[in-house]
Each structure stands twice: as structure tokens, then as C-alpha cells.
**Student:** 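I am attaching a structure below and will ask some questions about it afterwards.
Residue numbers begin at 1 in each chain, while the letters A, B, ... track the order of the sequences.
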Amino acid sequence: MPQSVPQAAEFEQYLRWPITMVPDPAGVEESYARANEVELEGLLSLVGIEPDYIYQSQRYRTSAYAEGIRAALAAREQIRALLNEHRTQPLPDDWWPVSVFSGFTNKDTTTILDWDGEWDLTYRCDESGTSETVDLRTTALVKLPWRIDWPMRWQFEHVDFEPAGKDHHSEGGSFDTARGVSEQIYNWKAPVTFQYDFISIKGRGGKISSSSGEVVSLRDVLEIYEPEIVRYLFAGTRPNSEFAISFDMDVVKIYEDYDRCERVYYGVDEISEKKRAKERRIYELSQVHKPASEAPFQIAFRHLCSLVQIADFNYERALEMARVEAGRPTLSEADRVRLLRRAACAERWLADFAPEDFRFRMKTAEQGLVEVGSAEAAAIAGLAELLKNQWDSLTDKALAEELYRVSRDAGVEPKDFFVVMYKVLIGKEKGPRLAAFIRTVGRERVVALLERYSGDTSSGSAGHGGKGESNE
RNA sequence: GGGCCGUUAGCUCAGCUGGUAGAGCAGCAGACUCUUAAUCUGCGGGUCGAAGGUUCGAACCCUUCACGGCUCACCA
């Protein structure tokens with residue numbers, strides 16, 4: 001019973017039913033099967049995949065496969081022999097190349113009694129003990145098992161290209177037997193194929209496991225990665241090699257890799273001609289829409305993580321900070337849309353997967369003060385003074401130097417001063433590189449936080465404390 | 001048991017149709033005293049899992065072996 005079904009007990013009754021007849025647990029779609037289709041189709045379009053869908057359930061429901069099913073029945077012994085080639089246990093004597101759902105209980109617990117050589121199939125419902133004869137041309141109850149269903153559909157839909165996972169491509173796997181069935185029974189040449197490897201998930205903190213039943217879907221991936229980057233993961237990896245979609249620190253690296261690929265594509269980064277051609281192609285394949293004519297404005301993911309937090313998760317403000325930093329007059333609408341989504345991914349990642357070191361929240365003037373010693377208070381006051389008076393002339397580098405000067409003037413070890421500053425600004429002992437951080441946060445906000453320490457002083461002491469927990 | 005895929009610098013991996021090996025991260029050093037995977041610069045010699053073979057020449061081809069992982073023989 002999948003985790004996505006909250007009413008597990010109530011749904012017990014549908015076990016062994018065709019999934020197309022099981023109701024949607026959410027009560028929205030016509031069936032559980034359809035609900036899953038709708039979900040997937042919606043997600044696929046987000047990454048730019050918009051196929052014409054063929055619904056097998058409709059094919060079966062309308063008896064479109066009647067000919068194919070009859071052909072399988074007629075070739076019963078031939079198919080049995082083909083399948084037995086790769087089986088440890090030969091198929092039992094009463095085996096038929098079809099499976100039947102009971103018209104009485106909807107379950108697949110049935111026994112086939114007879115086939116008349118044409119369209120009539122007689123079966124018994126094991127639970128009710130009732131028998132009936134159905135016509136293949138009108139019934140929706142008769143299906144082909146996978147290894148026969150697959151080749152039958154190759155012929156029916158005229159499939160000439162179908163890659164598949166390595167489970168199908170193992171010797172004796174379903175592609176193997178399907179090829180035989182397709183060519184010998186259905187007179188259809190097996191499609192061109194290749195084998196792709198599996199994709200795994202990394203960095204979800206051990207929660208993901210088959211035993212817990214937690215499943216990671218494209219939806220989860222898209223909460224962390226932009227659609228283009230999801231495509232990039234696939235475009236940049238050979239199909240037949242395994243890779244993992246990471247939710248841990250690798251996320252930062254993947255974003256950086258993608259951004260570099262983008263810069264190469266637009267000729268911003270120089271690279272050898274050989275590699276360039278490859279990177280360009282990977283970039284093209286990664287796009288959901290046509291690549292823009294101009295290089296998009298980039299904000300590094302890791303930097304955006306900081307900006308988004310400084311801006312208290314107001315994405316627009318985060319982008320505005322980045323724009324100002326980069327000295328750009330404006331942001332194009334396309335850039336805005338893209339970066340807002342990236343900001344949302346950053347927030348999601350910070351909340352769910354980022355190491356603690358990445359996370360912080362700006363202190364507000366309403367929050368209580370942290371304890372600081374008198375010397376430290378003096379240093380803070382000195383810095384506040386400096387920021388008020390010389391803000392416009394301070395570069396990152398100049399400010400960094402001033403930080404040392406200010407703290408030494410007040411008789412505070414720079415190392416301790418940094419700790420105090422982080423506590424004052426974000427309530428932690430560490431944080432982003434201080435000088436650049438202060439400049440990004442902005443004068444008003446920093447000064448407002450610092451000036452609160454100008455008045456009375458208490459005799460606290462700045463404590464130390466190791467902090468090095470990382471999850472793995 | 002069969003099949004597939006790996007085994008390249010500490011780590012993660014690139015190396016197209018063979019010409020004697022590379023990128024990121026870490027690490028080290030330096031940008032006046034530094035703080036996290038948000039700055040910049042310089043530095044890395046690893047018997048390319050092992051042994052044979054083909055070749056003028058192999059990490060890339062062939063054979064065998066070792067180790068690791070996945071997969072099939074139930075189901076869609």
C-alpha cells in the first residue's frame with residue numbers, strides 16, 4: 001500500500017484490482033491510475049517534455065488489442081517455450097499467455113478454463129466460483145502479461161525505437177524474451193534500443209529507503225533544481241552510466257557546474273574548442289525553451305542562499321540586492337522569472353537539506369540583545385560610527401581592514417569581534433564573510449542593529465563554542 | 001549461475017574514432033592579523049585495479065584474473 005494512500009485500511013479491498021478501476025484516494029480523478037498520470041504529465045511539461053500520450057488502459061478497454069491477444073493464445077506453446085528458455089522453473093501446464101480479471105470481483109484471482117480457438121475465452125472466478133465466457137472483441141477483462149504485452153504493443157503501435165532500463169536489458173530480461181515474441185509471433189522486428197542505467201537519490205538524510213516506502217518524485221527534484229538543471233543532469237551524463245540526484249551539498253556544485261556551462265555557451269568563459277562543443281550541446285539539450293540571445297544574468301546559488309536569507313525570503317528584494325551588486329541598471333523579465341524560481345529552490349534547499357552552517361536569520365531590532373562585554377560594545381559602536389560616516393567610500397576590502405582596526409582600537413581580539421558581530425547580526429557564531437555581508441545587508445539595517453549596543457553595557461563575555469556538526 | 005557497468009591525483013569524476021593523463025573540491029603558500037564550501041593568485045607528478053597480448057606507440061583495442069556495484073530468472 002503506497003504512502004500516498006492515506007486511507008490504507010479502506011483501500012485494502014482494492015488489492016489485486018486493475019489500478020485503472022481503483023478510485024483516486026484524493027477523490028479528484030476518475031481512478032488512482034489516472035491520478036498518477038495527471039501528476040506525471042503535469043510535471044513532465046515543466047521540464048519541457050510534451051509527448052502525445054497513448055493510454056493503454058483505453059486500448060484494453062476498447063478491446064483494441066483483441067487480435068494481439070488472440071494471436072498470443074494461438075501461439076501459447078511457442079510462447080511458453082520462448083519464456084522457458086530463461087526460466088529456472090518451467091511454466092506450469094495450465095499456464096496461459098493471458099491473465100483475466102474477474103468480472104464478478106474485479107480481482108485477478110481467476111483460472112482460465114478454455115479458449116475456443118477464436119474469440120471466446122472461458123474462466124472461473126476463484127473467489128465466487130462462478131464461471132463465464134467472454135468475447136475478446138468486447139471484453140476489457142483479458143490482459144496480456146508484461147513479457148507478451150510489450151512485444152504485442154510494439155507491433156500494434158509500430159514501435160521502432162524504445163530504450164529501456166538495464167533490468168529489461170539483462171540476459172533473459174524482458175527485452176530478450178519480448179524480441180523473440182515480437183519477431184516470431186507478431187512478425188514485428190524488435191525496436192532499436194539501448195540500455196540506460198538507474199538513477200539514484202543522494203543526500204536526503206537516510207530517510208529514503210524502500211522499507212520506509214518513501215518515494216522521491218520529479219516533484220521533489222523540481223523543488224530544489226530548476227527545470228533546466230534537471231535536464232542538465234541527464235544531458236551531461238551518458239545514458240548507460242548510473243548517477244545520483246543529490247539533495248546535499250552537491251546541489252551547490254551542480255548549480256555552479258550548470259552556470260559555468262551556460263557561460264561557456266555564451267562565450268563568457270573561455271575553454272578549449274574541443275570541450276566547448278560538448279558543453280554547448282549539453283547546454284542546448286538542457287533548455288526547456290530556446291536559449292536566449294543574450295547571456296542570462298546569473299546569481300550563484302550559494303550567494304543566492306545568503307541573499308534570500310538576508311532579505312527574509314523576500315525574493316524580489318534578494319534579486320534587487322544582486323542586481324545592485326552587479327551594477328546592472330535593470331533585470332530583464334526573463335531573468336527575473338528564472339531567478340525567482342532559483343530563489344524558491346534556494347529557500348527550499350536551505351529549509352530541508354542545507355547544512356546548518358548555511359542557515360541564518362537576520363536579527364531584528366525588536367529582538368533582545370545578545371550579551372557583549374564593554375570592550376566589545378565599544379568596538380561595535382566604533383563600527384557603527386564608521387558605517388554611518390564612511391559607508392559610500394568603503395569597499396569590501398577597505399571594510400575588511402577597518403574591521404580589524406576597529407576591534408583592535410577597542411582592545412578586542414579580531415577573532416572575538418567577528419564572533420560578536422555574527423551574534424549581533426544573525427545570532428550565530430559564524431556567518432558569511434563579514435565585510436561583504438555587511439555591505440550586502442545595507443547601512444541602515446546594520447547600523448540599526450549595532451546602535452542598540454551603544455547605550456548601557458553589561459559585563460557579559462563572548463563565549464566560544466565549537467560547532468561542527470555536519471550530517472552525512 | 002547468466003548479463004551489464006565500474007576500478008584514473010586524498011575525494012568526486014573527465015578523458016571523442018589508440019599517440020605516452022586533465023578538471024573541480026580538499027590540501028599547501030601568498031594577498032598586513034581572517035571567518036564558514038560567498039574573493040583573487042600560485043603550487044599537485046597519480047605503476048591510469050593486476051597480468052599477458054596486438055601495435056612504431058594503449059588509460060583507451062583483445063584475452064585472462066581480482067575487487068566492487070547493479071540486474072535477470074515474480075510482476076507491470
Side-chain angles (χ1 to χ4, degrees), chain A residues 16 18-20 33 36 56-57 60 83-91 99 108 143-150 153 164-178 194-200 202 236-244 246 248-257 260 271-275 277-279 281-282 299-307 309-310 322 325 354-360 395-397 400-401 403-405 407-408 412-422 426 428-437 439-440 467-468 470:
Chain A
R16 305 204 71 93
I19 194 171
T20 49
N36 282 285
Q56 205 181 167
S57 59
Y60 270 116
L83 297 187
N84 277 341
E85 282 179 25
H86 298 282
R87 292 175 59 92
T88 42
Q89 299 282 323
L91 292 161
S99 65
D108 64 352
K143 317 266 157 122
L144 293 174
W146 165 245
R147 283 178 184 250
I148 305 164
D149 177 70
W150 202 17
R153 283 183 290 118
K166 67 161 144 186
D167 47 345
H168 295 310
H169 275 290
S170 277
E171 176 96 358
S174 54
F175 197 95
D176 238 23
T177 53
F194 63 81
Q195 169 178 330
Y196 49 73
D197 209 312
F198 293 156
I199 298 152
S200 54
K202 176 168 168 274
T237 309
R238 280 180 310 215
N240 66 343
S241 56
E242 189 182 334
F243 72 97
S246 295
D248 56 16
M249 274 305 298
D250 285 357
V251 171
V252 175
K253 178 175 160 34
I254 300 292
Y255 269 91
E256 282 171 1
D257 288 349
R260 187 182 315 116
I271 192 174
S272 75
E273 193 46 49
K274 232 161 101 177
K275 290 181 179 172
K278 181 179 168 191
E279 292 293 304
R281 185 60 184 142
I282 289 173
I299 306 175
F301 188 77
R302 106 180 279 120
H303 187 46
L304 191 54
C305 282
S306 292
L307 294 181
Q309 293 180 99
I310 291 171
E325 277 177 356
E356 182 53 34
D357 280 355
F358 266 78
R359 289 193 277 235
F360 64 84
T395 60
D396 280 357
K397 189 171 164 59
E401 286 170 13
L403 289 172
Y404 291 101
R405 213 213 64 213
S407 66
R408 274 196 309 268
V412 180
E413 279 296 311
K415 206 175 180 61
D416 296 332
F417 183 58
F418 281 107
V419 172
V420 169
M421 281 301 296
Y422 287 121
I426 59 176
K428 299 181 60 168
E429 303 202 343
K430 296 174 175 182
R433 283 187 179 272
L434 194 52
F437 182 59
R439 281 171 39 80
T440 303
K467 187 84 181 119
S470 179

**Student:** With a 3.5 Å limit on both atom pairs, tell me what B:A26 is paired to, counting Watson-Crick and G-U wobble, or say none.
**Tutor:** none
**Student:** Roughly how far apart, to the nearest Å, are B:G27 and B:A66 at atom C1'?
**Tutor:** 32 Å
**Student:** State the pairing partner of B:A31; accept Watson-Crick or G-U wobble contacts with both distances under 3.5 Å, and report none otherwise.
**Tutor:** B:U39
**Student:** If you measure from the C1' atom in B:A59 to the same atom in B:G22, how many Å do you get, rounded?
**Tutor:** 12 Å
**Student:** With rounding to the closest Å, how many angstrom separate the C1' atoms on B:U20 and B:C34?
**Tutor:** 44 Å
**Student:** Using purine N1 to pyrimidine N3 plus N6-O4 or O6-N4 for Watson-Crick, or N1-O2 and O6-N3 for G-U wobble, each under 3.5 Å, what pairs with B:U54?
**Tutor:** none
**Student:** Taking only side-chain N and O atoms of A:Arg147, does any of them lie within less than 4.0 angstrom of OP1 or OP2 on B:A76?
**Tutor:** no
**Student:** For A:Gln195, which contact category applies under a 4.0 Å heavy-atom criterion: base, sugar-phosphate, or nothing?
**Tutor:** sugar-phosphate
**Student:** Roughly how many Å apart are B:C40 and B:A21, using the P atom of each and rounding to a whole number?
**Tutor:** 30 Å
**Student:** Would A:Leu307 and A:Glu325 count as a side chain to side chain contact (heavy atoms under 4.5 Å, CB included) here? Give the steps.
**Tutor:** CA-CA 11 Å; A:Leu307 294 181; A:Glu325 277 177 356; 4.2 Å; yes
**Student:** Suppose you measure atom P in B:U71 against the same atom in B:G10; what distance do you get, rounded to whole Å?
**Tutor:** 30 Å
**Student:** Could you measure between the two C1' atoms, the one in B:A58 and the one in B:G15, and give it in whole Å?
**Tutor:** 13 Å
**Student:** In terms of side-chain heavy atoms of A:Lys166, which of B:A76, B:C72, B:C70 is nearest?
**Tutor:** B:C70
**Student:** Are side-chain N/O atoms of A:Trp150 and A:Ser174 paired as donor and acceptor at under 3.5 Å?
**Tutor:** no
**Student:** Does A:Asp257 come within less than 4.0 Å of A:Arg260, counting only side-chain N to carboxylate O?
**Tutor:** yes
**Student:** If you compare every side-chain N and O of A:Arg405 against the phosphate oxygens of B:C32 (OP1, OP2), does one of them come in below 4.0 Å?
**Tutor:** no
**Student:** Once you apply a heavy-atom cut-off of 4.0 Å, does A:Tyr422 come out as touching a base, just sugar-phosphate, or nothing?
**Tutor:** base
**Student:** Does B:U47 pair with anything, Watson-Crick or G-U wobble, both distances under 3.5 Å, and if so, with which nucleotide?
**Tutor:** none
**Student:** A:His168 and ring pair (Phe, Tyr, Trp, His ring centres under 6.0 Å): which partner among A:Tyr196, A:Trp146, A:Phe198?
**Tutor:** A:Trp146
**Student:** According to the Watson-Crick and G-U wobble definitions, with both distances under 3.5 Å, which nucleotide is paired to B:C74?
**Tutor:** none
**Student:** For B:C13 versus B:C72, give the span between their C1' atoms, rounded off to a whole number of Å.
**Tutor:** 29 Å
**Student:** Considering every strand and a 4.0 Å limit on heavy-atom distances, what is the contact class for A:His86: base, sugar-phosphate, or nothing?
**Tutor:** sugar-phosphate
**Student:** So which nucleotide from B:C70, B:A76, B:A73 ends up closest to the side chain of A:Phe198?
**Tutor:** B:C70
**Student:** In whole Å, what separates the P atom of B:G49 from that of B:C11?
**Tutor:** 14 Å
